[in-house]
There are 2 protein chains.
Amino acid sequence: MTTAPASQFDAIAALEDAGLRITGQRRQVVAAIDRKDAGFTAEALASELDGVGRATVYRTLKLLVEADVICKLALPDGTPMYSPSRVEHHHHSVCTSCGAVEEFRDSTVERVLRSLNREIEGEIIGHRMEVFIRCRACLISTDE
Amino acid sequence: MTTAPASQFDAIAALEDAGLRITGQRRQVVAAIDRKDAGFTAEALASELDGVGRATVYRTLKLLVEADVICKLALPDGTPMYSPSRVEHHHHSVCTSCGAVEEFRDSTVERVLRSLNREIEGEIIGHRMEVFIRCRACLISTDE
DNA sequence: GTAGTTATTGAGATTCAGTATCAATTGAGA
DNA sequence: TCTCAATTGATACTGAATCTCAATAACTAC
């Protein structure tokens, strides 16, 4: 259950579970995301889906983020990216050259939060961790 | 040297070190940031500094981020925030209610990266970690 | 101090990501 | 099949940030 692929099926099911209608447009968005194997921007997805309006793409992405089917993350410069989410509770490594996103679980991150919990006067309500990398393929292709 | 306050003086010096001119506008921006004790948005800073153009505020913020005098971070919804940087290598906890930013160093974060380094096929070139909290003051004021 | 070069500034236009509006459409339960 | 609320999409809008370019002002050299 930790590595169950977030197939098109799951995403649609997640939307249904949320009491939402399954429209042709939503199917198209989900199918397009399912074809991705790297991070993508909302705008790229929108221009790729000619039959679906821009606003609808953004709305659907938001619904999918809320349903935990995809993740929204950001490059170092703040450029927003989306990535299908296949692992339950995880963080991301993003290749800044090609946009490839890997998910990783690391119990150490949770340990950071626990130790922080003792230090901080307040309630931890969330966190974000992103690691920026240059992936193997990009290292090779660029030079040497 | 780890906890030297990033006073106005330091920020100006950092700009000078970068070979930049010290203009009245840059002084005003730095002075205004120095007065802050919480995170702030670029827009808030801009509207607070009547004598300085919006574009200049943004340009100066960018320079200060590059000079490591301030940090750019983001709320969970992506709202960009800036915060004076007083600790060398650190991460942030941001109160999502009042915008208060605390810096913390946690060696555990570095440990996460080291373990990741072994897992990942590629080169780690950076990371970002933000912890979102509800600070003590906000917990009390809202409804204890 | 003055002059000259060159970085910097600011008003406003522009981009980019994302949201709001609202009439027309359509999914899905009855 | 009917009905009605959810959804869509064209378009206008917001907010963050950048670009343009003529006018201005810092440094440097004299």
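Every chain is numbered from 1, with letters handed out A, B, ... down the list of sequences.
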Just verifying a value: how many Å separate [X] [atom1] and [Y] [atom2], rounded to the nearest 0.5 Å?
X         : Y         : atom1 : atom2 : answer
Thr60(B)  : Arg27(B)  : OG1   : CZ    : 12.5 Å
Glu66(A)  : Lys62(A)  : CD    : NZ    : 6.5 Å
Arg128(A) : Cys71(A)  : CZ    : SG    : 12.0 Å
Cys95(B)  : Arg134(B) : SG    : CZ    : 7.0 Å
Ser115(A) : Ile120(A) : OG    : CD1   : 9.0 Å

Step by step, work out the side-chain contact (heavy atoms from CB on, under 4.5 Å) result for Phe104(A) and Leu116(B).
-> CA-CA 9 Å; Phe104(A) 66 92; Leu116(B) 216 57; 3.4 Å; yes
Using a strict 4.0 Å threshold on nitrogen-to-oxygen distance, state whether Arg54(B) and Glu43(B) make a salt bridge.
-> yes
Salt bridge check: are Lys36(B) and Glu48(B) linked by an N-O gap of less than 4.0 Å?
-> yes
Can you tell me the distance, in whole Å, between the CD atom of Gln28(B) and the C1' atom of dT8(C)?
-> 14 Å
May I have the distance from Tyr58(B) (atom OH) to dT14(C) (atom C1'), rounded to whole angstrom?
-> 15 Å
With a 4.0 Å heavy-atom cut-off, tell me which residues in residues 43-50 of chain B come close to DNA chain D, sorted by residue number.
-> Glu43(B)
Between which nucleotides of DNA chain D, read 5' to 3', does contact with chain A run, using atoms under 4.0 Å from its heavy atoms?
-> dA5(D) to dG9(D)
Would you classify Gly51(A) as touching base, sugar-phosphate or nothing, given that sugar-phosphate means primed atoms plus P, OP1 and OP2, and contacts are heavy atoms under 4.0 Å?
-> sugar-phosphate
Mind checking Arg54(A) for me? I need base, sugar-phosphate or nothing, with any heavy atom below 4.0 Å counting as a touch.
-> base
Determine, step by step, whether Leu61(B) and Tyr82(B) satisfy the side-chain contact (heavy atoms from CB on, under 4.5 Å) criterion, reporting the C-alpha distance in whole Å, the side-chain angles of both residues, the deciding distance to 0.1 Å, and the verdict.
-> CA-CA 8 Å; Leu61(B) 283 174; Tyr82(B) 294 84; 3.9 Å; yes
May I ask you to evaluate whether Arg59(B) reaches the phosphate of dA7(C), defined as a side-chain N or O under 4.0 Å from OP1 or OP2?
-> no
Taking for Ala55(B) and for Gln25(A) the nucleotide of DNA chain D with the nearest heavy atom, the one nearer the 5' end belongs to Gln25(A)
Is Tyr58(B) reachable from Val29(B) through a run of I, L, V, M, F, W or Y residues, each pair having side-chain heavy atoms under 4.5 Å apart?
-> no
Give me the bend of the helix from dG1(C)-dC30(D) to dA30(C)-dT1(D), using the axes of the five pairs at each end, rounded to 10°.
-> 40°
For nucleotides 28-30 of chain C, print each protein N/O atom paired with a nucleotide N/O atom at under 3.5 Å, atom names and distance only.
residue : atom : partner  : partner atom : Å
dA28(C) : OP1  : Ile22(A) : N            : 2.9

Run the side-chain donor-acceptor check on residues 11-26 of chain B: report pairs under 3.5 Å with partners two or more places apart or on a different chain.
residue  : atom : partner  : partner atom : Å
Thr23(B) : OG1  : Arg26(B) : N            : 3.2
Arg26(B) : NH1  : Arg21(B) : O            : 2.8

Using side-chain contact (heavy atoms from CB on, under 4.5 Å) as the criterion, point out the one residue from Val57(A), Thr56(A), Leu49(A) that pairs with Gln28(A).
-> Leu49(A)
With ILVMFWY side chains joined below 4.5 Å, transitively, what does Leu73(A)'s cluster contain besides itself?
-> Leu75(A), Met81(A), Val94(A), Val101(A), Phe132(A), Ile125(B)
